[in-house]
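Below is one structure; the comments refer to it alone.
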Amino acid sequence: MRVYCAKDYDGLCRKAANILSAQVILKPNSVLGPATGSTPLGIYRQLIDWHRKGDLDFSCATTFNLDEYRGIAPENPQSYHYYMVHNFFRHVNVPASRIHIPNGTAEDGAAECARYESLLAECGGIDMQLLGIGRNGHIGFNEPSSQFESSTFVVDLSESTIKANARFFSSESEMPRQAYTMGMRSIMQAKRIVLAVSGGDKANIVREAFCGPITAAVPASVLQLHNNVDLVGDEDALALLPPEKDGYS
Ligand code: F6R
């Protein structure tokens with residue numbers, strides 16, 4: 001694992017965006033795995049800025065989003081579809097036909113998961129997966145549990161995730177109770193993973209995930225088994241990691 005420590009949120013966004021843009025520049029037809037949440041917003045802003053300046057071209061890229069709420073439509077402002085369109089896709093040039101996000105309104109959850117996995121396999125898997133981390137160690141919507149689901153599946157959201165994400169809905173009762181998420185195998189099969197994390201309230205879980213035992217109780221800890229992970233954080237989020245001999249990059 002490579003650890004990149006930035007002074008603050010803006011710095012971590014620049015570092016993560018640099019890694020993503022290098023991927024797209026070196027391999028224009030990359031398959032990217034975007035994430036949502038508050039952490040990637042600044043990363044997307046930076047990528048959009050470079051795209052507008054003519055330095056970054058997504059016209060050959062393909063994307064597979066990590067997750068989506070189940071039971072809400074793409075045009076619902078709380079859907080991850082809406083988030084991605086408004087915070088990234090409408091500002092860059094990924095062709096619409098190559099943008100993939102689980103369909104939150106699909107009737108048959110199992111069929112939607114199978115459709116998503118087979119599309120992903122057809123495209124050759126993910127070259128670079130962007131991840132955030134939940135305060136309980138979740139990645140995507142892979143919640144702490146006693147065992148992992150492997151490929152894309154419908155998950156019952158944990159109480160802590162419902163509480164954490166309810167702030168985006170007008171009331172907690174409107175917050176969906178289920179979501180689609182790529183499973184741990186889908187995530188671990190990505191050729192390279194960039195986990196972005198910001199803020200002191202994530203410092204404990206970052207230490208548990210990367211220095212603690214590998215356990216399904218802390219889903220992100222499984223990333224210790226991946227051989228190509230970039231952990232990009234600000235000083236507060238990385239504060240509890242053991243110090244590097246020569247300091248972090
Ligand atoms: C988002 C996702 C989640 C978030 C995590 C951290 O697609 O899958 O796992 O990455 O909840 O969210 P923020 O960045 O809002 O702290």
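We count ligands from 1, going down the list as the structure has it; atoms in each ligand are counted the same way.
- Nearest protein neighbour of atom 12 (O) of ligand 1, counting heavy atoms only, is Gly37 CA, 4.3 Å.
- Considering backbone and side-chain N/O atoms, Asp67 comes within less than 3.5 Å of an N/O atom of ligand 1.
- At least one heavy atom of Lys202 sits less than 4.0 Å from an atom of ligand 1.
- Without hydrogens or angle criteria, His226 side chain to Ala190 main chain gives a donor-acceptor distance under 3.5 Å.
- Heavy-atom proximity to Thr39, at under 4.0 Å, picks out these atoms of ligand 1: 13 (P), 14 (O), 16 (O).
- In terms of polar-atom proximity, Gly140 is counted as a contact of ligand 1, with an N or O under 3.5 Å from an N or O of the ligand.
- Those atoms of ligand 1 that come under 4.0 Å of a heavy atom in Leu66, given as number and element, are 8 (O).
- Of all protein heavy atoms, the one lying nearest to atom 1 (C) of ligand 1 is Thr36 OG1, 3.2 Å.
- With ligand atoms numbered from 1 in the order given, ligand 1 contributes 10 (O) to contacts under 4.0 Å with heavy atoms of Gly132.
- Under the 3.5 Å distance criterion, with hydrogens and angles disregarded, no donor-acceptor pair is assigned to the side chains of Glu117 and Ser151.
- With hydrogens and angles disregarded, no donor-acceptor distance shorter than 3.5 Å links the side chain of Ser186 to the backbone of Met182.
- Judged by distance alone, the side chains of Asn228 and Arg2 do bring a donor and an acceptor atom under 3.5 Å apart.
- Under the 6.0 Å cut-off for aromatic ring centres, Phe64 and Tyr116 qualify, their centroids lying closer than that.
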**OP:** Take Phe58 and Phe88 through the test ring pair (Phe, Tyr, Trp, His ring centres under 6.0 Å) and record every step on the way to the result.
**Re:** CA-CA 11 Å; Phe58 294 93; Phe88 188 56; 5.5 Å; yes
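- Considering only non-hydrogen protein atoms, atom 5 (C) of ligand 1 sits nearest to His138 NE2, 3.4 Å.
- Side-chain N/O atoms of Thr161 and Glu143 include a donor and acceptor closer than 3.5 Å.
- Of the heavy atoms in Ile133, only backbone atoms (N, CA, C, O) come closer than 4.0 Å to ligand 1.
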